[in-house]
Protein chains: 2
Amino acid sequence: MAKVLTPRSESYSQWYNDLVLKADLAENSAVRGCMVIKPYGYAIWEKMQSVLDRMFKDTGHENAYFPIFIPKSFFSKEADHVEGFAKECAVVTHYRLMNDPDGNGVVVDPEAKLEEELIVRPTSETIIWNTYKNWIQSYRDLPIKCNQWANVVRWEMRTRLFLRTAEFLWQEGHTAHATKQEAIEETETMINVYGDFAEKFMAVPVVKGIKSANERFAGALETYTIEALMQDGKALQSGTSHFLGQNFAKAFDVKFASKEGKEDYVWATSWGVSTRLMGALIMAHSDDNGLVLPPKLAPIQVVIVPIFRKPEELAKIKEVAGGLIAKLRDRGIDVKFDDNDNKKPGWKFAEYELKGVPVRLAMGPRDLENGTVEVARRDTLSKEVVALDGVDEHIVKLLDDIQTNIFQKALDFRAQSTVSVDTYDEFKERLEEGGFIMAHWDGTPETEQKIKEETKATIRCIPLDQPEEEGVCIYSGKPSNKRVMFARAY
Amino acid sequence: MAKVLTPRSESYSQWYNDLVLKADLAENSAVRGCMVIKPYGYAIWEKMQSVLDRMFKDTGHENAYFPIFIPKSFFSKEADHVEGFAKECAVVTHYRLMNDPDGNGVVVDPEAKLEEELIVRPTSETIIWNTYKNWIQSYRDLPIKCNQWANVVRWEMRTRLFLRTAEFLWQEGHTAHATKQEAIEETETMINVYGDFAEKFMAVPVVKGIKSANERFAGALETYTIEALMQDGKALQSGTSHFLGQNFAKAFDVKFASKEGKEDYVWATSWGVSTRLMGALIMAHSDDNGLVLPPKLAPIQVVIVPIFRKPEELAKIKEVAGGLIAKLRDRGIDVKFDDNDNKKPGWKFAEYELKGVPVRLAMGPRDLENGTVEVARRDTLSKEVVALDGVDEHIVKLLDDIQTNIFQKALDFRAQSTVSVDTYDEFKERLEEGGFIMAHWDGTPETEQKIKEETKATIRCIPLDQPEEEGVCIYSGKPSNKRVMFARAY
Ligand SMILES: [Zn+2]
Ligand SMILES: [Zn+2]
């Protein structure tokens with residue numbers, strides 16, 4: 001059977017594009033930079049959402065919804081914020097169309113011009129802090145811990161499905177606190193939630209750390225990040241959590257009376273992950289045959305393909321499979337029985353490989369006679385014949401094994417791809433091989449900028465668990481007391 | 001305790017506004033016509049979403065996501081559709097801001113003008129059918145049954161929280177079929193899903209019917225609706241399902257090859273419910289003390305208020321309550337234990353009444369001694385003292401009773417408020433009392449329009465279960481073979 005995907009060795013980026021399209025995850029739309037998320041891709045996103053939403057609620061957050069539009073003037077209130085987002089905004093200027101006087105369809109009605117333009121939200125700090133102003137008078141109103149699931153728009157010039165699109169789906173948490181300490185703790189709690197989600201559900205190992213000033217969120221005092229390594233050796237920023245200090249409270253004049261009756265500005269955090277996680281999930285595990293999905297996020301965890309020639313054979317297989325399906329569903333496993341007779345088993349095998357279904361069962365008349373079933377696992381592509389009796393137990397364990405195995409594989413790959421270097425020459429050399437490079441840096445934005453210009457590598461983060469270590473900056477030779485993590489990134 | 005809400009008898013519309021604000025459901029934002037849905041209101045919407053989403057999946061639908069923007073030219077492709085929506089569209093004309101040369105914040109960058117304006121979706125038929133064009137070649141690609149949960153924007157001039165807002169949240173299903181018959185069946189299936197949801201979960205009885213031509217969705221051949229009656233005697237359209245014929249397939253040139261190899265245009269449906277349902281839920285059941293929520297959609301189904309003076313008393317109550325809470329949660333019931341000691345029990349009682357929590361338990365030291373607990377139900381405001389032993393069983397049954405009771409109450413109210421009239425004078429007289437009026441109509445848009453102009457009443461629907469009956473139109477005296485349902489409406 002002909003390969004439907006460009007092999008990774010030939011072109012990793014073409015392989016990615018092929019995979020997103022062929023596995024029915026997403027496609028480009030008629031609107032520049034905006035994607036259509038197809039049902040199979042959306043089903044994965046829904047599984048992500050449902051796990052994350054549970055984690056947010058378990059850490060004391062509530063969902064809410066704020067307007068998609070932000071008055072232009074709100075944008076200017078926080079200087080760094082407007083600087084960071086103004087260059088890529090969709091702007092609503094009118095609120096009505098009219099029939100073209102020349103008879104060519106519809107045109108914008110010039111009389112329906114807005115007094116103040118509205119920005120389609122690229123992120124919601126400004127509209128939310130303008131709202132919080134009315135919700136907060138005293139320490140008794142704090143903390144506020146809201147999350148919203150929403151679409152946002154950033155007018156990116158070069159877009160790629162899931163990784164960088166003009167419109168994307170995300171969640172954004174926005175919290176308000178009485179003390180700096182509490183806000184910092186919240187920021188850290190949420191980067192840990194993201195890290196746990198990435199590792200335990202996506203099976204993607206991540207490095208948690210702090211962004212350098214150059215890479216910080218526009219308006220934040222500190223940005224925490226989780227950084228994942230893709231198979232091509234590039235980093236992918238997968239989630240961020242921002243300590244915003246009192247910046248937005250000051251911009252929107254949000255003060256509270258403390259227990260002691262003193263007035264102070266409120267402390268803020270914000271944190272988000274987006275459909276970009278789909279890109280990370282796809283790129284971290286998949287192979288030249290298609291997607292490899294971690295069982296915990298696979299919309300179909302087990303597929304059963306009957307092998308038959310005659311309807312009587314199918315009927316018998318259906319009966320036996322029915323019992324197994326009931327048992328698996330009882331255990332909360334998503335099972336599909338594919339008896340579509342327009343397609344041959346071989347076609348189906350390739351299709352479910354392409355779609356990353358973790359476990360595939362094949363059942364034919366001979367299996368029924370022998371009381372067996374063929375079990376194939378997607379991650380290793382290996383097959384075994386298993387007794388039908390007790391196969392449900394076997395599958396539960398197998399799904400766990402697959403989840404563990406693909407995480408371990410990604411972890412091993414990252415270990416192999418992480419190096420420490422001590423000179424700029426070595427840095428540039430190793431960079432060509434991809435991966436994470438731990439190196440000393442003098443702590444200045446200027447040095448970081450120079451390295452970026454010369455090599456396209458950026459500081460992905462200053463890892464939280466990085467030990468102190470005396471050294472000299474690979475670029476400037478100035479003293480440094482900690483290595484930071486460099487990489488080329490998506 | 002002073003009433004926090006304007007009584008319904010004084011002003012029903014002020015009562016509604018008070019309730020939405022005071023119960024922390026939603027509020028107006030800084031953006032004209034756009035609302036903020038607050039956590040408590042959003043929690044109700046989430047419960048609605050989760051039930052509806054299950055119902056959609058059980059009827060064979062998948063979720064997907066399509067772009068928020070629609071190229072202006074797509075809009076003109078279906079004549080009725082553009083006519084229906086062009087007058088209330090948010091239009092994106094630019095994609096960048098820049099620093100004001102005069103130093104006043106940011107302004108729209110005139111160089112970043114879009115070649116073609118983008119409309120913020122008011123509904124997605126056009127962008128979706130433009131996408132389906134690429135998904136459909138043959139009958140094997142059909143049916144397609146997608147749903148999307150999304151925000152939409154219609155630039156309404158007079159807005160009211162939940163009932164009519166410029167931005168609202170909704171779901172929109174869009175299906176594609178090989179035959180007319182199948183599309184009609186889908187349209188009917190979905191209006192039945194909506195009807196079941198309204199009656200079994202929202203406890204709101206609805207009349208299912210077909211819209212007259214005047215009230216049809218822009219671009220549909222037939223619009224099915226569910227109509228609910230509010231306490232002030234006005235109707236609220238709560239969900240619609242449209243048979244779109246081949247209109248959108250023709251507008252976007254979506255053809256398929258049939259089994260027999262013939263080419264034909266694809267048949268379409270679309271259907272949606274929105275955060276407007278929140279308005280229906282609030283107005284159908286609530287009273288002058290606050291919200292009355294059906295247990296099946298209440299974020300908090302049971303609240304336990306401890307009555308104590310000393311910390312030792314609280315500790316004992318907590319212990320006993322803990323056992324009960326565990327039992328209730330095991331049965332899937334959402335319970336809150338409110339031991340906030342900044343607020344008095346009386347304040348809490350009023351607060352949970354305002355928020356419509358179906359069952360409230362009060363537990364004091366004397367209750368512990370007697371092995372009892374005070375159980376209050378929100379719908380009837382009655383209280384009883386119940387033995388603690390077995391109270392979990394009691395509560396499960398009570399929640400069922402409340403669900404049934406508020407539905408029955410709404411059903412009785414509707415029965416009392418539905419009348420048949422045979423003359424226009426009687427029609428006008430009864431209209432002042434509110435309610436549904438069954439009357440003969442000659443079937444012409446002109447008559448409907450005249451009645452609307454003269455009385456502000458519209459034909460809410462031609463009920464599906466309305467028997468044939470010879471009669472004459474109350475307005476024109478022309479023959480009619482069926483009564484239709486009139487009302488003033490939200
Ligand atoms: Zn950007
Ligand atoms: Zn409208």
Side-chain angles (χ1 to χ4, degrees), chain A residues 27 29-31 34-43 45-46 62-76 82 86-99 104-108 112 117-120 127 130-131 134 140 146 150-151 153 155 166-167 169 342, chain B residues 27 29-31 34-43 45-46 62-76 82 86-99 104-108 112 117-120 127 130-131 134 140 146 150-151 153 155 166-167 169 342:
Chain A
E27 64 185 35
S29 77
V31 182
C34 290
M35 66 182 157
V36 171
I37 306 179
K38 298 183 78 172
Y40 192 63
Y42 199 87
W45 176 240
E46 274 183 303
E62 300 179 297
N63 287 328
Y65 188 76
F66 298 87
I68 186 174
F69 297 129
I70 300 179
K72 195 191 65 183
S73 58
F74 282 23
F75 246 63
S76 316
V82 66
K87 282 179 206 104
E88 45 182 37
C89 282
V91 188
V92 176
T93 56
H94 291 74
Y95 58 85
R96 196 164 61 218
L97 299 173
M98 57 183 259
N99 288 321
N104 295 319
V106 283
V107 293
V108 175
E117 296 90 347
L118 297 172
I119 311 305
V120 181
I127 187 84
N130 185 69
T131 306
N134 304 319
R140 275 186 229 94
C146 283
N151 54 343
V153 171
W155 208 267
E167 181 192 21
L169 303 184
N342 284 323
Chain B
E27 64 184 36
S29 77
V31 183
C34 290
M35 66 182 158
V36 171
I37 306 179
K38 298 183 78 172
Y40 191 63
Y42 199 85
W45 176 241
E46 275 184 302
E62 299 178 299
N63 288 327
Y65 189 77
F66 298 87
I68 187 174
F69 297 129
I70 300 179
K72 193 191 66 182
S73 58
F74 283 23
F75 245 64
S76 316
V82 66
K87 283 178 205 105
E88 45 182 36
C89 281
V91 188
V92 176
T93 55
H94 291 75
Y95 58 84
R96 195 163 62 219
L97 299 174
M98 57 181 259
N99 290 321
N104 294 318
V106 285
V107 294
V108 174
E117 297 90 347
L118 297 172
I119 311 305
V120 181
I127 187 83
N130 184 69
T131 307
N134 303 320
R140 275 186 229 95
C146 283
N151 53 343
V153 172
W155 207 267
E167 181 192 21
L169 303 184
N342 284 323

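We name chains A, B, ... by the order of the sequence lines, and we start the count at 1 in each one.
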message: Between Gly105(B), Cys89(B), Ser76(B), who has the most heavy-atom pairs with chain A when the cutoff is under 4.5 Å?
response: Cys89(B)
- prompt: Do Val31(A) and Pro71(B) have side chains that get closer than 4.5 Å, going by heavy atoms?
  reply: yes
message: I'd like to know which of Phe69(A), Phe66(A), Phe75(A), Tyr65(A) tops the heavy-atom pair count under 4.5 Å against chain B.
response: Tyr65(A)
query: Which heavy-atom pair separates Ala112(A) from Arg96(A) by the least distance, and what is that distance?
result: CB-CB, 3.5 Å
- prompt: Can you tell me how far CD1 of Ile37(B) sits from OG of Ser29(B), rounded to the nearest 0.5 angstrom?
  reply: 11.0 Å
- request: Could you tell me which non-hydrogen atom of Glu62(A) sits nearest to which non-hydrogen atom of Pro39(B), and how far apart they are?
  value: OE1-CB, 3.5 Å
- request: Heavy-atom distances under 4.5 Å only: say whether Tyr40(A) touches chain B with side chain, backbone, both or neither.
  value: neither
field: Between Ile70(B), Ile68(B), Val108(B), Val153(B), the one whose heavy-atom pairs under 4.5 Å with chain A are most numerous
entry: Ile68(B)
- request: Flag the one option from Asn342(B), Asn134(B), Leu169(B) with the top tally of heavy-atom pairs under 4.5 Å to chain A.
  value: Leu169(B)
- request: With a 4.5 angstrom heavy-atom cut-off, could you sort out which part of Asn130(A) is near chain B: side chain, backbone, both or neither?
  value: side chain
query: Non-hydrogen atoms of chain B under 4.5 Å away: do they reach the side chain of Val107(A), the backbone, both or neither?
result: both
field: Any Val120(A) side-chain heavy atom under 4.5 Å of Glu167(A) side chain
entry: no
statement: Cut-off 4.5 Å, heavy atoms of chain B, and the answer for Val82(A) is side chain
query: If you round to the nearest 0.5 Å, how far is CG of Leu118(A) from CD1 of Ile127(A)?
result: 9.0 Å
- line: When the 4.5 angstrom heavy-atom criterion is applied to Met35(A) and chain B, the contacting part is backbone
query: Pick from Ala90(B), Ala30(B), Pro67(B), Cys34(B): which one has the most heavy-atom pairs with chain A under 4.5 Å?
result: Pro67(B)
- request: Could I get the full list of salt bridge (Lys or Arg N to Asp or Glu O under 4.0 Å) partners for Glu117(B), not counting sequence neighbours?
  value: Lys72(B)
